[in-house]
Amino acid sequence: MDFHHLLRSTLPTFVGNDSNESNDTTNNILETLTPFLGTQFNPLLRLFMVFYNIAGGRLSFLGADPTLILTAVGLLWAANKLWDQLSYQIFKIVQRYLLASIQIDSDDEMYRHIMKFLAARRDMTNSRSLTAETWFATAWEENDEPDLLKTTISADGEGLYLNFSAQEAKAPPRFTPAIGMHSFWFEGRYFILHRKKETLFDQNAGPWGGSQYKDKELLVLSCYGRSPDPIKKLLQHAKLMYYSDHDAKTCVRRPANQSMRRYGGRNSWQTVANRPVRPMKTVVLDERQKIQVLSDMNEYLHPATPRWYANRGIPLRRGFLFHGPPGTGKTSLSFALAGIFGLDIYVISLLDPSLTEEDLSSLFSSLPRRCVVLLEDIDTAGLARPSDDDSDDDVKDDKDSSDKEKDSDDKEKKTEINIAELARELRRASSSEPSEKKGISLSGLLNAIDGVASHEGRVLIMTTNKPESLDEALIRPGRVDLQVAFSNATPEQARELFVRMYEADRNPIKSKKKKQQSQRHSLLAILLTAIYSRLLSLYAIRKKAAEKKINPKQELSNHAIDKVKTTEKEQDGNLTDISTATTAVEDSSSPVSPTTPKGVPDNNSVVSPPQSEKPVEPTELAAIAAEFASKIPGGQFSPAEIQGFLLKRKRAPRRALEEVDAWVAATIEQKKSKTKVVQVQ
Ligand SMILES: Nc1ncnc2c1ncn2[C@@H]1O[C@H](COP(=O)(O)OP(=O)(O)OP(=O)(O)O)[C@@H](O)[C@H]1O
């Protein structure tokens, strides 16, 4: 269509300035253009006409032809559109022939690695097009929280309590590149990042299996050249960076939600926590048992083991059964083992109502090469074999009834059969209800853990409080290779728990870098504090001297004597001042001195629990622990119970010793009477 011709035929020429004529032509233009553009453009067209009339009047006054100008504007607009199209096509050609790219799906773990990498890059976070994400720190993330001191509040004028009310507000968001094109340099190379969103039509994504549209994000990373190696290197770097603070962490995963599980692979699992590694020494257990489990697992995880198993045709699987009363350390040992071997832990609850047998199989088959799978409280999962049991019962009952038939008359026979049938029905009714709720049968579980399609290389740990109630098939050799018995604490274990509770905290999860940083900070703090207190004291002395008009040098020596006296008092434990507090932070081996993150009020400035005691020296601690252990009757209390008692006196080892007799007596009494209400806590 000839745009210029169209404009000429529809727009008024501004030869004469007749407003009526102009209005008529405006309506004509609208009538002409509306069929082309649609009625929704009417308001825009009207606005355009107003401007056209004003500008046209002026331009014609200046001697310019407005239709020509409009034609030029139209051409510019068309050229711009054309350039957009052209540049996109050029980019596609460049991308095809000159760029190497790698695509990353938002469902993949790699996506999180690269996002963390990008969020940490200054050139990316300074970009003008960003996406802000709320970022939640987990309880385990070492957070300096420098503003915490400012948020403490005074309670009844008695002291300071920590206050976290503004914590959420202060948590900074995370900034990542927004949807669109971005570019950045990494190790001297230019990378192009295209973050895009796609909407997919998923036939089974709806809550009840119905179809649904689903948004999915894609990252396309490109670099110039025909080899994708630089991108692979970048991805490897991002992965290393992601896991760099995981060194001392155990990653806990559990099955993802049902809709994600359908995609299989790594999507089947979701990370729920990254917990600090539990040191093996914090699990109080018979030393021989510990070493047995450790060496067994070490042997199994050895790189030469798969070949050894394969040569002998043995499936590469290892199963452990941890059994014992509640709170005796079964879960704790599982975590410590995962931590020691640097493995992720995959926790499955068989009581999850959404978990089907197919899910379980696919979960097991999408496990990584080496990992720990934890099936907790396997006895409560109700893994009965309903059909087998029923048929067995049926046979037995039928046999009983047929025996009876022989010995009784017809009437009695009928009564016996009815009673047997009734009993059977009742039993079936009571046993079928819970099993209907659970989706996993024993055979389903056995199939998943060692069926033909089952994954090899994992370590399976099952825990139970009632090993006798487990089906023999579940714990037969090959499925359970090592059983570890846990029991209530012996006096020696109680002693270990006591020492662990009150010994100095060495904060093992603190990285070397952070340690050095905190050392630098405390040195600086000591220096600044010393200068500040020196200035303060000089100022005070001068002020005093000015008041009393005495020799400042004499006052200085008096002050020094005072300071020595004060220090002596502090050593008696009666006083604490800021300089001693700083030294205590530096000396991490000082007894019972919990390390305080930078900026967090230490225990001297916030309200301490009642009867907080002065620190115990290691020798005294050993003596108190031995006495404490002698008061704990062996095999009667679980480590969890003892830990609970000690936790309530976490800064008072001497008080724990004083009160242990009363607690033991009250708890034994409570257990005897089977009441849930505790008298002494
Ligand atoms: N042997 C132990 N050594 C150190 N701590 C223990 C031990 N047993 C229990 N605890 C402590 O008691 C708490 C509960 O322990 P854990 O969950 O490991 O017990 P469990 O045997 O798995 O219990 P359940 O059978 O109820 O699941 C934890 O806080 C743990 O630190």
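What you see is a predicted model; the values in this text were computed from it and never measured. When a ligand or atom number is given, it counts from 1 through the structure's own listing order.
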query = Is the centre of the F637 ring less than 6.0 Å from the centre of the W663 ring?
reply =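 For F637 and W663, the ring centres are under 6.0 Å apart.
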Identified side chain to side chain donor-acceptor pair (under 3.5 Å) counterpart of K330 within the set T463, D377, N465 =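 The residue from T463, D377, N465 that satisfies side chain to side chain donor-acceptor pair (under 3.5 Å) with K330 turns out to be N465.
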request  = Tell me the residues surrounding ligand 1, counting only those with a heavy atom closer than 4.0 angstrom, sorted by chain and number.
outcome  =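 The 4.0 Å shell around ligand 1 contains R278, T282, V283, V284, P326, G327, T328, G329, K330, T331, S332, N465, L497, P639, A640, Q643.
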task = Verify whether one side chain among D352 and S349 offers a donor that lies under 3.5 Å from an acceptor in the other.
result =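 D352 vs S349: no donor-acceptor pair found between side chains.
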Which donor-acceptor pairs under 3.5 Å do the side chains of residues 280-287 make with protein atoms, sequence neighbours left out?
| unit_1 | atom_1 | unit_2 | atom_2 | d |
| --- | --- | --- | --- | --- |
| T282 | OG1 | R278 | NE | 2.9 |
| T282 | OG1 | P279 | O | 2.7 |

ask   = Can you list the residues that meet the side-chain hydrogen bond (donor to acceptor under 3.5 Å, both in side chains) rule with N488, with sequence neighbours excluded?
value =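 N488 satisfies side-chain hydrogen bond (donor to acceptor under 3.5 Å, both in side chains) with no other residue.
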Where at least one partner belongs to residues 293-303, residue pairs that pass salt bridge (Lys or Arg N to Asp or Glu O under 4.0 Å), sequence neighbours excluded =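 The answer is D296-R318.
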